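This report refers to the structure that appears directly beneath it.
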2 protein chains.
Amino acid sequence: MTQTPDTETKILEAAYEVFIENGFDGTRMQQIADKAGINKALLHYYFRSKQLLFNKIFVNAISKFIPNLISIFMNSELSFFDKIRQFTYQYIDILSKEPFIPIFVLSELSRNQNNLLDNFSKTLGQPVKIVKETIKEELQNEYEKGNIIKIDIESFMINMLSLCIFPFVAKPIIKIAIFNMNEEAYDKFIEKRKKEVGEFIINSIKTK
Amino acid sequence: MTQTPDTETKILEAAYEVFIENGFDGTRMQQIADKAGINKALLHYYFRSKQLLFNKIFVNAISKFIPNLISIFMNSELSFFDKIRQFTYQYIDILSKEPFIPIFVLSELSRNQNNLLDNFSKTLGQPVKIVKETIKEELQNEYEKGNIIKIDIESFMINMLSLCIFPFVAKPIIKIAIFNMNEEAYDKFIEKRKKEVGEFIINSIKTK
DNA sequence: GTCTATAATGTGATAGAC
DNA sequence: GTCTATCACATTATAGAC
């Protein structure tokens, strides 16, 4: 069933792990070669340069950082509050399976070398724009129906993303410095947030 | 009035800028020397190694990342809700003056080289513990008085920190990929959050 | 204290045999 | 496609003159 993957795949898998753990500057081509079980020369044979290999990995990481959860907000079967519940639950669930993606993506983007942001916009600009418009309308509708208070689309989206993503970005601080948690306690904390964050957001915008 | 700072100060100031912009791995000692207007050898004369110089900078950065806002939650003159308002306002205000501190600190901590986290705990473990206990009591009090819903200290603190810090960590994405803001629009967005975040949190925990 | 020169090593990338 | 050997250069760190 599970046959040995071809060399290109082995390289990509190894590169993914090493880059995400160490970042672009902290990664050595030798590390990737070792982890893939090949030699450095082959890396260059397949991907020409460190930068090009990194770019492949980064595009992949972005798609995990902003996964395809857009459909949730497009699903007209659901109430607005249920959309919030589902989105936060599923997003935190996805991130919890690859908890280092957020800090990796955000930290590389903030270095702003090359054209990482262009990649980002190219891949996700359009879908993000559509969700934004959809949610904006929905916020307006719910406000007019008297269900929620007035809130900007920008504030709403950033608040929701903050509450989902930040606990992963700040994992080391949360675990050690703030709450003195072990890995198990941290996992429980995240697990609890899957249900909690949605309710927190709903409470904050619901009319009394 | 403004006299030329001594060499050690010039080095520290230059190192601060370069490290925060590029991270440990992305920084070259030559860059620091150039920015400080001296040569590389002097860096080693004053600080022995890149790692030791970095550690000095990092401790400084941490103190800006978790500034002394503890007093706000200790101030018994203020109502609990006003403490939330003041803390969020002032924290966002401080971060907005050094917006790259959060991503720098969090990204270096997540690499987890050396003993950065130990530094962190040593510097801030005790004060953080005290605030945590103080807020915990206050949450309990307000709950018993029927003013707020039941919420864990962990959830409450992380929610508050998420909403304050994340917009800085994710600045490039927010600006370009999500909202297509220019620098001015982003600044306005942050300015607005200073007042907004407190109300958002209060709404989310206030009993109806 | 500050400089120039250089050691010692690391690192991305390529040449060329198989 | 895959390997070994090696180039070319960058980078931390030190030696030693002034």
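These numbers come from a predicted model, not from an experiment. The sequence lines fix the lettering, A, B, ..., with proteins before strands; numbering per chain opens at 1.
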For atom [atom1] of [X] and atom [atom2] of [N], their distance in whole Å:
{"X": "A:Asp25", "N": "C:dG10", "atom1": "CG", "atom2": "P", "result": "18 Å"}
{"X": "B:Arg28", "N": "C:dT11", "atom1": "CZ", "atom2": "C1'", "result": "11 Å"}
{"X": "B:Met29", "N": "C:dA7", "atom1": "CE", "atom2": "P", "result": "20 Å"}

More than 12 heavy atoms from other groups under 6.0 Å of [atom1] on [X]:
{"X": "A:Gln140", "atom1": "CD", "result": "yes"}
{"X": "B:Phe100", "atom1": "CZ", "result": "no"}
{"X": "B:Lys195", "atom1": "NZ", "result": "no"}
{"X": "A:Lys136", "atom1": "NZ", "result": "no"}
{"X": "B:Glu183", "atom1": "CD", "result": "yes"}
{"X": "A:Gln30", "atom1": "CD", "result": "yes"}

With heavy atoms of chain A within less than 4.0 Å as the criterion, where does contact along DNA chain D begin and end? D:dG1 to D:dT4

Residues in side-chain contact (heavy atoms from CB on, under 4.5 Å) with A:Ile176, at least two apart?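 side-chain contact (heavy atoms from CB on, under 4.5 Å) list for A:Ile176, sorted by chain: B:Leu117, B:Ser121.
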
Can you list the steps and then say if A:Leu116 with A:Asn55 is a side chain to side chain contact (heavy atoms under 4.5 Å, CB included)? CA-CA 8 Å; A:Leu116 296 183; A:Asn55 289 352; 4.1 Å; yes

Strand-adjacent residues in residues 34-48 of chain B, judged by heavy atoms under 4.0 Å from DNA chain D: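 Residues of residues 34-48 of chain B that come under 4.0 Å of DNA chain D are, in numerical order, B:Lys40, B:Ala41, B:His44, B:Arg48.
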
